[in-house]
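Numbers restart at 1 for each chain; the letters A, B, ... are given by sequence-line order, proteins then strands. None of these values were measured; they are calculated from a predicted model.
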Amino acid sequence: MELNAEQKRAAEFAGDDVLVLAGAGTGKTSTIVARVVHLTKIGVDPRRILLLTFTRRAAREMRHRLTQQIGSSAKTVPTGTFHNFCLQYLRRWPDLFECGSLTIIDRDDQLQLMKLARANVVGKDAAFPKSAELANYYSYARNTNRPVAEYLAEFTDHDEDAIKRISSVLQDYTKRKHECRYFDYDDILHLFARQLHRSRIVREKMQSRYDHILVDEMQDTNPLQWLILDGMRDPAKLFCVGDDAQSIYAFRGADFRNVHSFTERVAGAQVLKLEQNYRSTQEILDLSNWLLDQSSLGYDKHLRAARGPGIKPVLVELDGDFEEADWVASDLMQRHEDGDPWRDHMILTRSAWAARSVEAALIENDIPYRFIGGTQLLQSAHVKDLLSLLRVIDNPADQLAWMRYLTLWPRIGEKTAATTIGKLLTMPNIKAISEFLADQYKTNPRLAESITECLTCWDRPSDVIGAATDKMTPLLEKKYDDWDRRSKDLKLLQRLAAKHQSVGEFLETYTLDPITESEASNEDVDDLVTLITVHSAKGTEAPVCYLIGVQPGNYPHVRSIGDDDKEEEERRVLYVAMTRAQNELFLTGTLRSHGAYVPHHNRFYQSGGSSSQPYFLSDVPPELVQSDLDIDTDPFDAPITSFRG
DNA sequence: AAGCTCTGCTTTTTT
DNA sequence: AGCAGAGCTT
């Protein structure tokens, strides 16, 4: 791998701590990988180099690139997400971290539990924040490491009384969590960080474990994650790579300004810069640079293309989202016919929901694709039904799973289930519970049989799923009228499970790293179009990128309008999206919405995008883009132009 | 207490 | 389109 001078300087940095400011496409991943290679070359034990990322995708990519460079010893370099890394130590030393056994719950379970807590504290009160909002408050406060009440007082409009009530709901939520031995995503980081700062033993153990800590996407670290880094560094040296213009995780407590305070937080730290862009053509960068220049914040970023000129980005304006989806699909098919592989194309979307019509068009036209960031396979109702059975066996204290499992059966509703759960929680093991259930529900023998059946093959995850599916099919068939379609997912699940050592490990892997249906079913296919949310796409690239939904109301998103910080983050989201493209960039959008649901808070722009609605591209200089007017608007009755001229 | 039907509301982004 | 809640029947 060839490095340029600035990359080489970063990779071979010999001082203590360093922050590498790396613009989009400047070879950030290559530089981190080169850093690891360099460290091993000068004699650092690979096991003492820690590589932290924010997403599993990034971790996978990093490990892949590292394997290409140094072969099998890449496996010995600990690489993972913050969550993964922390969880590993909570499991290894449960006593040191004072956590015992734990069950990780996903956002759905969190919301379910929050709903119970909310109902318990406030009863019915439509004006009171919904459970999703409460969960967001809770998570944000913890990720920024501040007391909830303080955060609420400062950042929301709630009065003192409301704050009190919200706090008590959150307290109730916490209590319920402990009862079931549940740990949500934030708990993983929080527990680790707390012990790291509270217990001298933990701190000494962790600080002596690594010589170098390499952090990707530093601009996305929130205060909680910083506590983790700060607790583990020194003597371990920090090598942090980031770009303030690509900070798009403020909703999770990250503040892009933190990148700038690195030198204040870490005494003697140096700052290096990577500015040469290797990914895109100059035209793509010109538009991206222009977008940042429009900001009131001085990003002071001007990416230069090492590759030189190419094709201007194309603005395509369609009549509605179906037309947009069709346009993208037919353009893809045209290119594929012309010999371009599917894998050269990436479709970027602001939200998973906005990608629905495009996904439909891809399916309709048999275009192979994988959707990253979309509805997760394990979140679909029928899969959760089935998994609830595995969960109760894995952790008999898992009340949410019991509730789901028991209420699946006829004549068992919430009330009955709750009484039953109350009784079975006092029992010593799953064996006793299943005997109790067999006795309790004689009219539904399958309820208990399913449990015993799964137990007979518990050490073979894929067989367990098979057994559970067999036992529960009659039940699920009745519950879902599109069962034929849904039952395929359970087969998929069985295939996925085959790769795992134990049911517990299988469940946990997919709680922490959910997988979409299209990803799971296309695991062995590699020529695919990638449909991806902008947030998931950070760090990736493709020769041809379609950015869908580029229209007023999306960039900036309606929910951010009026809040300068949020609007600026939206600008960065669009910037990240644009800078994924290597050769060609299409920006598609519609100015009118066609019968689609438009939430009342953004009704005002329904009639057209011209009005006062802020829109980042509303005055894009014409010389920076091509318009589709030149491409496809030949009216049907226009005079024919002879090719002889 | 369970289960059915009807109505109204919802959709940002991730671990 | 799918889900939660209300209100009704079994």
Does the ring center of A/Phe82 lie less than 6.0 Å from the ring center of A/Phe192? no
Minimum heavy-atom separation for A/Leu134 to A/Leu170, with atom names? O-CD2, 3.9 Å
Whole-Å distance, A/Arg571 CZ to B/dT12 P, equals 21 Å
Expressed as a whole number of angstroms, how long is the span from A/Glu359:CD to C/dA1:P? 14 Å
For residues A/Phe251 and A/Tyr249, establish whether the separation of their ring centroids is below 6.0 Å. yes
Of A/Trp409 and A/His557, the one whose nearest nucleotide on DNA chain B sits closer to the 5' end is A/Trp409
Rounded to the nearest 0.5 Å, how far apart are CZ of A/Arg391 and OG1 of A/Thr103? 7.5 Å
Nearest-Å distance for atom pair CG/P, residues A/Asp321 and C/dA1: 13 Å
Scan nucleotides 13-15 of chain B against the protein and return all N/O pairs shorter than 3.5 Å with their distances rounded to 0.1 Å.
{"unit_1": "B/dT13", "atom_1": "OP1", "unit_2": "A/Ala352", "atom_2": "N", "d": "2.9"}
{"unit_1": "B/dT13", "atom_1": "O2", "unit_2": "A/Arg350", "atom_2": "NH2", "d": "3.0"}
{"unit_1": "B/dT13", "atom_1": "O2", "unit_2": "A/His535", "atom_2": "NE2", "d": "3.4"}
{"unit_1": "B/dT14", "atom_1": "OP1", "unit_2": "A/Thr533", "atom_2": "OG1", "d": "2.9"}
{"unit_1": "B/dT14", "atom_1": "OP1", "unit_2": "A/Ser536", "atom_2": "OG", "d": "3.1"}
{"unit_1": "B/dT14", "atom_1": "O2", "unit_2": "A/Arg252", "atom_2": "NH1", "d": "3.2"}
{"unit_1": "B/dT15", "atom_1": "O3'", "unit_2": "A/His83", "atom_2": "ND1", "d": "3.3"}
{"unit_1": "B/dT15", "atom_1": "O2", "unit_2": "A/His83", "atom_2": "NE2", "d": "3.4"}

Would you mind reading off the distance between A/His382 atom NE2 and C/dG2 atom P, rounded to a whole angstrom? 12 Å
Base, sugar-phosphate, or nothing for A/Ile412, non-hydrogen atoms under 4.0 angstrom? sugar-phosphate
Pair A/Arg571 + A/Glu568, salt bridge at N-O below 4.0 Å: yes
Rounded to whole angstrom units, what separation is found between the CG atom of A/Leu574 and the C1' atom of B/dT12? 15 Å
Other residues, nucleotides, ligands: >12 heavy atoms within 6.0 Å of A/Lys415 NZ: no
Spacing of A/Gln112 atom CD relative to C/dC3 atom P, expressed in whole Å: 12 Å
When the distance from CG of A/Asp108 to C1' of C/dA4 is rounded to whole Å, what number comes out? 14 Å
